[in-house]
Amino acid sequence: MKLIDLHSHTTESDGTLTPEDLVHLASESNVSALAITDHDTFSGFNKARSAASTGGVELIQGIELNSRLHLQGSTRHRSVHLLAYFPNEAPGQAFLEWLEGQRTERRERNRKLAAALQERDIHVTLEEVEARGRTLAGRTHFAQILLEKGYVKTFEEAFTLYLGENAPTHVERQSQTAEQTIDRIRNGGGIPTVAHPVRLALPRDVERNELVRLKAAGLLALEVFHSDHSPELQVYYSDLARDLKLLPTGGSDFHGAVKRNIRLGSGIDGNLRVPYQFLERLRELASRS
Ligand code: AMP
Ligand code: MN
Ligand code: MN
Ligand code: MN
């Protein structure tokens with residue numbers, strides 16, 4: 001079976017392989033089509049293009065965006081990651097300009113996070129983080145520095161103690177709502193997709209209800225295959241996608257050395273097999289919407 005991977009990161013966001021090396025790895029791993037879905041930027045995708053045409057890898061333009069999901073009938077909210085795919089045509093200018101704003105807001109979060117750490121005598125500066133992250137610094141870069149400076153023993157611990165949602169120094173991004181983000185993606189010509197739904201950590205009935213609402217707001221797809229989804233969950237989300245008439249997608253969320261257990265195309269211990277047909281359906285939907 002021809003395998004694909006619709007979720008991956010390069011050094012242009014928080015992955016550790018350059019766009020060119022990622023494409024080479026796809027070739028070697030028999031991944032026939034690869035979506036590069038860096039956080040908030042297309043620069044990895046753009047840099048990978050020539051390597052992909054030489055290496056015979058079908059490259060799909062994608063991106064991963066943060067957004068805020070206000071739970072219905074509650075004052076609580078969740079951070080939801082939305083993937084956007086542009087399999088046939090590049091996004092419009094208005095979408096690219098909106099992305100600039102997303103990057104500014106990310107930088108502001110990074111500034112506040114560095115300040116919060118400084119206040120606790122954890123010496124990590126915005127400059128150091130940006131030197132790592134170049135075009136797109138983020139929490140994984142903070143984690144690497146915390147690890148190197150000995151403030152934490154493992155990468156995971158950096159999230160538990162300092163960077164994760166439950167850490168005292170956590171700084172929330174001033175993200176747009178999921179509905180607003182979905183709208184932006186649709187207007188830009190993309191296919192909005194809820195990434196790794198398992199991370200929403202919602203009871204099944206609540207999760208279903210929220211997906212129904214997002215579908216009404218323009219959501220088109222659901223990431224049913226993901227390295228964090230057990231075989232049981234993959235079946236569950238496949239059924240849910242069919243039930244809600246959302247297109248199924250899937251990918252490893254490959255980040256290279258920062259998430260060493262995840263392999264491109266095949267996930268964790270081979271738990272991922274994304275059929276080529278998913279891409280065909282994505283293309284077909286993009287040409288209709
Ligand atoms: P950012 O986009 O800068 O907020 O950083 C989010 C990224 O940090 C995610 O895409 C993951 O790569 C990573 N991340 C978030 N939470 C964790 C965690 N608990 N353990 C390891 N990596 C994480
Ligand atoms: Mn990431
Ligand atoms: Mn994500
Ligand atoms: Mn990702």
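What you see below is based on every heavy atom in this structure, not just the backbone, and it leaves out hydrogens, waters and symmetry mates. Remember, it's 1-based here, ligands and their atoms both numbered in the order they're listed. This one's a predicted model, so the numbers in the text were calculated from it and none came from an experiment.
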Distance filter under 4.0 Å to [X] heavy atoms, resulting ligand 1 atoms:
| X | result |
| --- | --- |
| H255 | 12 (O) |
| G138 | 3 (O) |
| E156 | 18 (C), 19 (N), 20 (N), 21 (C) |
| H39 | 10 (O) |

Checklist line | Note: K149-E128 ion pair, threshold 4.0 Å (strictly below) | finding: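 So K149 pairs with E128 through a salt bridge.
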Q: Would you kindly specify which portion of D14 sits under 4.0 Å from ligand 1, judged on non-hydrogen atoms: side chain, backbone, both or neither?
A: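 The part of D14 near ligand 1 is the side chain, not the backbone.
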Is H9 touching ligand 1 with its side chain, its backbone, both, or neither, if touching means heavy atoms under 4.0 Å apart?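 Neither; nothing of H9 gets under 4.0 Å from ligand 1.
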Nitrogen or oxygen atoms of [X] and ligand 1 under 3.5 Å apart:
| X | result |
| --- | --- |
| R106 | yes |
| R139 | yes |
| K259 | yes |

- Can you list the protein N, O or S atoms less than 2.8 Å from the Mn ion (ligand 3)?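 Result, waters dropped: E64 OE2, H81 ND1, H196 NE2.
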Query - E58: which of R283, K2, R49 passes salt bridge (Lys or Arg N to Asp or Glu O under 4.0 Å) - result: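 Among the candidates, only R283 passes.
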